[in-house]
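Sequence lines set the chain letters: A, B, ... in the order given, protein chains first and strands last, and positions in each chain run from 1.
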2 protein chains.
Amino acid sequence: MNTREEVLDFVHHGAERFLPHLSIDCAIFGYHDHDLKTLLIRHHGQENWSLPGGYIGRHETLTEAAHRILAEKTQLTGLFLQQFYTFGDSATRMNRIKTEQTHNTTYSKVGVTLSPDHWLSERTLSIGYYALVDYLQVVVTPEFLVDDYCWLNVADIPRELVYDHNEIIQKALLTLRAHIFQQPIGYNLLPDKFTLPEIHSLYETILCKQIDRRNFRKKLLTLGLIRQLDEQRKIGPHRSPFLYEFDLDNYSRALEDGSILSF
Amino acid sequence: MNTREEVLDFVHHGAERFLPHLSIDCAIFGYHDHDLKTLLIRHHGQENWSLPGGYIGRHETLTEAAHRILAEKTQLTGLFLQQFYTFGDSATRMNRIKTEQTHNTTYSKVGVTLSPDHWLSERTLSIGYYALVDYLQVVVTPEFLVDDYCWLNVADIPRELVYDHNEIIQKALLTLRAHIFQQPIGYNLLPDKFTLPEIHSLYETILCKQIDRRNFRKKLLTLGLIRQLDEQRKIGPHRSPFLYEFDLDNYSRALEDGSILSF
DNA sequence: TTACAATGCGTAAATTCTACGCAATAATCT
DNA sequence: AGATTATTGCGTAGAATTTACGCATTGTAA
């Protein structure tokens, strides 16, 4: 929604195209060079940051909706996207009053005041997804109602996000850390060919702890999760590291066998 | 809903009390003596079995709704109940036609035909929960629209459940098997004091594989997850096994430390 | 050429996992 | 009462894995 007209149409006719009472919120994790960041946006007139989100089209599957919303925010398609929990307990989601206020300051930008029984004012549960991207590749073009956006290191996220979005991010992070042992997370955050230091740094960053470089390599190689190539990369004034690539066949086979990563 | 009147009220006024487009389905796993079963119900006029489920009250949190629905089906409260995924992709959920047919044969029992735009005919996403109970303790009292119910061994579940319920059960099972290493699952399925053979058999059943009795004991004891008591239980013509209890403090501490079970 | 910083590869010790052996126990059978 | 039987409690040797490093190699810059 990039124009005033689109927003107005959404407010007045959105309920015909989208399911009410239900939204999708995306914790978009951006990784680059030892930093793990999250994309936050600030809607017009609001003090606090929020996660990017959207509604589910009536003729769209849930997965399609999640990918569409993610693409609308990042301009990227085919990203790694994973549902992790549905939120419907928070007092801020049950308590209608606060919701109306925050929504109304936002929609005042298009001159609309939402009545308490407007579909955007009603109680809404949120399905949480997390996505992984290289945030340098992402071009964020804020929508009409979004005043500002930022990539924040996960350690620096303010405690006062909108609604229960702090809880959503925390759960997303926990899930990501659990999934890193069971899914080729790196496959979605690294170029097709990457160096060992690169993937090593990725794991250290996501898990927030030091991992011995040499044992890390041994494990990934022994399990057959990555494959060493004949090429090397030139990096500054140091020894050229070899390039590696994921062996996805072996990856899924290892998972079926029950052999699981751990560090 | 145990009377014709309650059902009629639900059909005609349910949309005022419940959120549309969204339901909760419960995979209720019942364990007893080396058997893992699931509670299935069959609605009036329907050929296939389905999972017990229900809708979310407008003034109820999601968790409250899940517990209420579970209690309505099992007459038990305070059970272990865990959300695991939200389903919104299945063709049977998108395709309105099939939904109407199955619903209508059910509601014909109270002489109602649902129109295509009735709230019960609309597209509905489902939030999946799984619960753990000792199925011998459960008193199932089928609701008015439920013709039949059964406890089926998870291995014997028919391939043609209603909607995407096969998929839901499979995902519930996978989640349960993953969670058994990270949560005191046994705490919710065993009496406060239990014997080693009892908890051993529970793990073997859920994981569908043999676990060495002696190593199993060693591991649980070493990690401090269970505590041996001074009491023993009299069992038939054999040596009396000691009783054990869970050490929940140690359990959560072990989890934080990252020490995780595995067999 | 030398110094330096980073990578690739190996090895020994510590720890954990796995596969059993076997004694102890509580009935039941003779 | 003593032998029998099925089951539980506990221990130990060997295999396998994890952990903690040592050190040579490499590409560039001084």
(request) Between Pro237(B) and Pro241(B), just flag the one whose closest nucleotide in DNA chain D comes earlier from the 5' side. (result)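 Its nearest nucleotide being more 5', the pick is Pro237(B).
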(message) Checking Thr63(B) now: which residues fulfil side chain to side chain donor-acceptor pair (under 3.5 Å) with it, not counting sequence neighbours?
(response) Asp89(A)
(message) Any carboxylate oxygen within less than 4.0 angstrom of a Lys/Arg side-chain nitrogen, looking at Lys73(A) and Glu143(A)?
(response)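 Salt bridge: yes.
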What's the [atom1]-[atom2] distance between [X] and [N], to the nearest Å?
{"X": "Leu261(B)", "N": "dT16(C)", "atom1": "CG", "atom2": "P", "result": "14 Å"}
{"X": "Phe194(B)", "N": "dT8(D)", "atom1": "CZ", "atom2": "P", "result": "15 Å"}
{"X": "Arg233(B)", "N": "dG9(D)", "atom1": "CZ", "atom2": "P", "result": "12 Å"}
{"X": "Phe242(B)", "N": "dT7(D)", "atom1": "CZ", "atom2": "P", "result": "19 Å"}
{"X": "Phe216(B)", "N": "dT16(C)", "atom1": "CZ", "atom2": "C1'", "result": "17 Å"}
{"X": "Leu221(B)", "N": "dG9(D)", "atom1": "CG", "atom2": "P", "result": "10 Å"}
{"X": "Lys219(A)", "N": "dG8(C)", "atom1": "NZ", "atom2": "P", "result": "19 Å"}
{"X": "Phe263(A)", "N": "dT17(D)", "atom1": "CZ", "atom2": "P", "result": "15 Å"}

(message) Less than 6.0 angstrom separating the ring centers of Tyr31(A) and Tyr135(A), yes or no?
(response) no
(request) Flag the pair Phe84(B) / Tyr129(B) as yes when their ring centroid distance falls below 6.0 Å, and as no otherwise. (result)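 No; Tyr129(B) has its ring centre 6.0 Å or more from that of Phe84(B).
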(request) Output every pair passing salt bridge (Lys or Arg N to Asp or Glu O under 4.0 Å) with a member in residues 172-199 of chain B, not counting sequence neighbours, ordered by first then second residue. (result)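 Matches after skipping sequence neighbours: Lys193(B)-Glu231(B), Glu198(B)-Arg233(B).
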(request) May I ask you to evaluate whether Lys234(A) reaches the phosphate of dG27(D), defined as a side-chain N or O under 4.0 Å from OP1 or OP2? (result)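 Checking Lys234(A) against dG27(D): no side-chain N or O falls below 4.0 Å of OP1 or OP2.
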(message) Please pick, from dC17(C), dG9(D), dG8(C), the nucleotide with the shortest atom-to-atom distance to any side-chain atom of Pro197(B).
(response) dG9(D)
(message) Can you tell me how the ring of Phe246(A) sits relative to the ring of Phe194(A), calling it parallel under 30°, perpendicular over 60° and tilted otherwise?
(response)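 Plane angle between 30° and 60°, so tilted.
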Between the protein and nucleotides 19-25 of chain C, are there any N/O to N/O pairs under 3.5 Å, and if so, what are the atom names and distances?
| from | atom 1 | to | atom 2 | distance (Å) |
| --- | --- | --- | --- | --- |
| dA19(C) | N7 | Asn215(B) | ND2 | 3.0 |
| dA19(C) | N6 | Asn215(B) | OD1 | 3.2 |
| dA19(C) | N6 | Lys218(B) | NZ | 3.3 |
| dC20(C) | N4 | Arg214(B) | NE | 3.1 |
| dG21(C) | N7 | Arg214(B) | NH1 | 3.0 |
| dG21(C) | O6 | Arg214(B) | NE | 3.3 |
| dG21(C) | O6 | Arg214(B) | NH1 | 2.5 |
| dA24(C) | N3 | Arg239(B) | NH1 | 2.8 |
| dT25(C) | O4' | Arg239(B) | NE | 3.4 |
| dT25(C) | O2 | Arg239(B) | N | 3.3 |

(request) Verify ring pair (Phe, Tyr, Trp, His ring centres under 6.0 Å) between Tyr85(B) and Phe87(B), making sure each step is shown before the conclusion. (result) CA-CA 6 Å; Tyr85(B) 200 74; Phe87(B) 298 85; 5.2 Å; yes
